[in-house]
Amino acid sequence: MIEELAGPIALVGYGLAAIGPGIGIGIVVGNAIQAMARQPEAAGMARTTMFLGIAFTEALALIGFVLFFIA
Amino acid sequence: MESVILAASECDVEAEIICAPSDVLELFEFTKPLFSIGGFDFTRTVFLIFLAMFIVLAILYYGLRKGEKVPSKFGAAVESLVTFVRDDIAIGIIGPEGIKYAPYLLTVFTFVIVGNLFEVTPLINFPITSRMAIPAFIAVVTWVIFVIVGFKKNGLHYLTDLVWPKSVPLALRWLVGIIEFVSTFVLRPITLAVRLFANLVAGHLMLSLLLASGYIFVTAIPDVGLKGFVGVAWFVFGLGIYLFEIVVAVLQAYIITLLSAVYVQTSVHPEH
């Protein structure tokens with residue numbers, strides 16, 4: 001069955017690269033929502049920090065995206 | 001979008017293989033420039049860059065021109081945009097001295113938001129930030145700013161504290177130093193540029209594919225019969241993505257501005 005598979009292996013690589021950041025963004029957003037629910041008056045700060053956390057976590061997925069193009 | 005439709009009309013619907021571009025580069029058409037002045041090629045992207053510049057200039061000029069005691073509704077909206085970038089992003093992230101960087105951050109924010117919103121502007125439908133040159137240039141400018149600020153504020157300690165951090169145990173110091181050096185000077189600009197680029201390319205492709213395939217299937221109803229009605233669902237899904245892309249366009253402009261501010265902030269107060 002493996003012989004029937006065709007296509008660029010970079011696609012699989014990008015899929016693998018997206019697993020970790022996917023889990024990470026879930027954790028970041030989940031905890032940010034929890035923080036906002038516990039302390040609604042600090043929601044603004046939590047939201048800004050959440051976007052920063054997402055942006056940093058995303059970096060690995062973005063590197064995978066670039067590797068897909070250059071591989 | 002026209003090229004996608006053209007590609008599908010050349011597609012053999014009887015064959016079992018679904019039409020797909022043989023090479024990913026086919027998705028990125030490299031059209032010939034309309035005209036060149038002294039070696040500078042004027043393509044559609046260049047025109048849209050100038051259009052974005054004039055839109056930003058016009059909005060800021062008519063929103064903030066002097067002589068009005070009470071700002072109009074439009075003026076109030078533009079003022080709240082400017083104060084948002086100045087107070088919430090520049091001063092909120094960098095600190096009181098962040099007001100020096102507010103003009104640069106406002107430039108990035110307004111230009112990128114207009115460039116991103118071209119994606120969902122009818123009759124344009126092309127985000128200029130999905131051409132790698134523009135996010136890359138913004139990232140390079142941000143890189144130059146935070147490196148210069150870092151050396152100006154901290155002298156050579158900026159570099160030595162980064163590659164030889166005193167707070168880390170001696171055995172691990174070289175490893176942390178290498179990681180910090182690479183992530184600060186190499187990965188930061190790359191991810192800053194690629195984040196914007198990737199989000200806009202993905203959104204543009206998704207919109208083109210969904211709306212174009214919806215159009216193709218609906219127009220093919222006389223040929224293929226009832227099966228063609230699946231195109232209606234795709235078209236509706238495409239319109240849903242259209243709304244989602246407006247959110248993405250605004251959010252990515254906010255994020256690139258926020259991260260530029262954070263990178264400058266880490267240079268102003270490194271041990272923070």
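Throughout, protein chains are lettered first and strands after them, A, B, ... in sequence-line order, and every chain is numbered starting at 1. Heavy atoms only: backbone and side chains are in, while hydrogens, waters and symmetry mates are out.
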Which of B/I190, B/L251, B/L187, B/I255 touches chain A most, by non-hydrogen pairs under 4.5 Å
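Sorted descending by pairs with chain A, the first entry is B/L251.
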Any residue meeting side-chain hydrogen bond (donor to acceptor under 3.5 Å, both in side chains) with B/K100, in chain and number order, not counting sequence neighbours
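side-chain hydrogen bond (donor to acceptor under 3.5 Å, both in side chains) list for B/K100, sorted by chain: empty.
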Does B/W164 have B/R173 sitting over its ring (NZ/CZ under 6.0 Å from centre, angle to axis within 45°)?
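Flagged: B/R173 positioned over aromatic ring of B/W164.
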Side chain, backbone, both or neither: which part of [X] has a non-hydrogen atom closer than 4.5 Å to chain A?
X      : value
B/V262 : side chain
B/I93  : side chain
B/N199 : side chain

Answer whether the closest heavy-atom distance between the side chains of B/I256 and B/V108 falls below 4.5 Å.
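A side-chain contact under 4.5 Å exists here.
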Answer yes if the side chains of B/Y104 and B/T142 hold a donor-acceptor pair under 3.5 Å, and no otherwise.
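B/T142 and B/Y104 do have a side-chain donor-acceptor pair below 3.5 Å.
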